[in-house]
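Working notes for the structure below.
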Amino acid sequence: MPNSTPAPYDAIADWYETEFLAAQGDSDPIGVDAAITTLLGTAPEGTGPACLEIGCGTGAHAATVRALGWTPVGVDLSSGMLAYAAGRLPVARADAEHLPIGTGALDAVIAVMVHTDMPGYARVVAEAARILRPGGRFVHVGVHPCFCGGFADRGDPAAAVIRPGYLDAGRWTTDSWTSNGVRDKVGATHWPLPDLLHMVTAAGLVLERFTEGGTPVPITFSLRASKPDA
């Protein structure tokens, strides 16, 4: 169970809900909801199985998950973020590396725009694999590791400038080209694309499908993997 130490997002929860998310409105500029829709897909008809969102934050994606026929539930370490999420889906404060969920209990797990917040993301993916039933699906939606990070300057919407730093696996930084995002406020951990994919396969999951979002240079990279049948 998590301790009572405040999580980094506690300090920015109000800003995240009332300014960061509000600025996006109902649009999907970097294809996050599109990726969830494409990769998670519709739930088995008539059953409404639970889909756990790891690092659910304020629950901004619950409506998308629900529209696909799943029953969204969420966990997060930030009490401040969960205070907003509680009105959107059932939530619990929990450590994503030690989920209070039985082995093989769920049909779907998603992690949306959170992997850079979790230095132990490999252990998080392993936990997702543990709680999935055979045939269950894991969906990762995250900032694109090749084009986003402390090494990337996206100040010009038409071109991303990539500087040295992409290969620095596990590097944490608050460096950012903008003061309107999250990285400069709570920091982010970078994982090159091969490292990210290896986390999934090392957890015993089978990679199935990929998408990218955002133009003209992708901002998000997403994947779906499944747990093999026993």
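Only this structure's heavy atoms are used, side chains among them; waters, hydrogens and symmetry mates stay out.
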Acceptor/donor pairs from residues 151-165 side chains to any protein atom, 3.5 angstrom cut, sequence neighbours excluded:
unit_1, atom_1, unit_2, atom_2, d
Asp153, OD1, Gly155, N, 2.8
Arg154, NH1, Phe147, O, 3.1
Arg154, NH1, Pro218, O, 3.2
Arg154, NH2, Val217, O, 2.7
Asp156, OD1, Ala158, N, 3.0

Donor-acceptor contacts under 3.5 Å from residues 108-121 side chains, at least two apart:
unit_1, atom_1, unit_2, atom_2, d
Asp117, OD1, Tyr9, OH, 3.1
Asp117, OD2, Tyr9, OH, 3.0
Tyr121, OH, His140, ND1, 2.8

> Is there a chain of hydrophobic side chains (I, L, V, M, F, W, Y, each step under 4.5 Å between heavy atoms) that links Trp191 to Val125?
Replying inline: yes
>> Can you give me the closest heavy-atom contact between Pro72 and Pro90, atom names plus distance?
In response: O-CD, 3.2 Å
>> For Arg130, give me all partners under side-chain contact (heavy atoms from CB on, under 4.5 Å), at least two apart in sequence or on another chain.
In response: Leu99, Thr103, Glu127
> In chain order, what residues pass the side-chain contact (heavy atoms from CB on, under 4.5 Å) check against Thr174, with sequence neighbours excluded?
Replying inline: Trp172
> Can you tell if the side chain of Pro49 reaches within under 4.5 Å of the side chain of Pro44, non-hydrogen atoms only?
Replying inline: yes
> What distance separates Cys146 SG from Tyr166 OH, expressed to the nearest 0.5 Å?
Replying inline: 4.0 Å
>> Restricting to side-chain hydrogen bond (donor to acceptor under 3.5 Å, both in side chains), what partner residues turn up for Ser222, sequence neighbours left out?
In response: none
>> Within the 3.5 Å criterion, strictly below it, is a donor on Glu212 or His144 matched to an acceptor on the partner's side chain?
In response: yes
>> Are Val143 and Val186 linked, directly or through intermediate hydrophobic residues, by side-chain heavy-atom contacts shorter than 4.5 Å (ILVMFWY only)?
In response: no
> Taking only residues two or more places apart in sequence, or in another chain, which ones meet Asp184 in a side-chain contact (heavy atoms from CB on, under 4.5 Å)?
Replying inline: Ser176, Ser179
>> List the residues meeting side-chain hydrogen bond (donor to acceptor under 3.5 Å, both in side chains) with Glu19, not counting sequence neighbours, and say none if there are none.
In response: none
> Under the side-chain hydrogen bond (donor to acceptor under 3.5 Å, both in side chains) test, which residues partner Asp14, sequence neighbours left out?
Replying inline: Tyr84
>> Going by the rule side-chain hydrogen bond (donor to acceptor under 3.5 Å, both in side chains), which residues pair with Arg133 if we only count those two or more places apart in sequence or in a different chain?
In response: Asp107
> Any link between Ile36 and Leu223 through a network of hydrophobic side chains (Ile, Leu, Val, Met, Phe, Trp, Tyr) touching at under 4.5 Å?
Replying inline: no
> At their closest point, which heavy atom of Ala96 faces which heavy atom of Ile54, and how far apart are they?
Replying inline: CB-CG2, 3.5 Å
> Which atom names give the shortest non-hydrogen contact between Gly59 and Ala85, and what distance separates them?
Replying inline: N-CB, 3.6 Å
>> Taking Val91 as the starting point, is it possible to reach Trp70 by hopping between hydrophobic residues whose side chains are less than 4.5 Å apart?
In response: no
> Any idea which heavy atoms bring Val200 and Ala225 closest together, and the distance?
Replying inline: CG1-CB, 3.6 Å
> Can you check whether Gly80's main-chain N or O pairs, donor with acceptor, with Asp10's side chain at less than 3.5 Å?
Replying inline: yes
> Any idea which heavy atoms bring Ala60 and Leu21 closest together, and the distance?
Replying inline: CB-CD1, 3.9 Å
> Quick one: CG on Leu106 to CG on Leu52, what's the gap to the nearest 0.5 Å?
Replying inline: 6.0 Å
>> Do Leu77 and Val124 land in one hydrophobic cluster if side-chain heavy atoms of ILVMFWY residues count as linked below 4.5 Å?
In response: no
>> Rounded at 0.5 Å granularity, tell me how far OG1 in Thr37 sits from NE2 in His61.
In response: 11.0 Å
> From Cys148 SG over to Arg183 CZ, what is the distance, rounded to the nearest 0.5 angstrom?
Replying inline: 7.0 Å
> For the atom pair CG (Leu132) and CZ (Arg137), what is the distance rounded to the nearest 0.5 Å?
Replying inline: 10.0 Å
>> Looking at every non-hydrogen atom in both residues, tell me the closest pair between Asp95 and Glu97 and how far apart they are.
In response: OD1-N, 2.9 Å
> Do side-chain atoms of Lys227 reach the backbone of Ala129 as a donor and acceptor pair under 3.5 angstrom?
Replying inline: yes
Using distance only, find each side-chain donor-acceptor pair of residues 192-199 under 3.5 Å and give its atom names and separation, not counting sequence neighbours.
unit_1, atom_1, unit_2, atom_2, d
His198, ND1, Pro194, O, 3.2

> Who passes side-chain contact (heavy atoms from CB on, under 4.5 Å) against Arg209, sequence neighbours left out?
Replying inline: Thr38, Leu39, Arg224
>> Please report the interatomic distance CD1(Ile131) to CD1(Ile101), rounded to the nearest 0.5 Å.
In response: 4.0 Å
>> Applying salt bridge (Lys or Arg N to Asp or Glu O under 4.0 Å), can you list everything that pairs with Glu17, at least two apart in sequence or on another chain?
In response: Arg88
>> Test your reading of the model: is there a side-chain donor-acceptor pair from Thr220 to the backbone of Ile30, 3.5 Å cut-off?
In response: yes
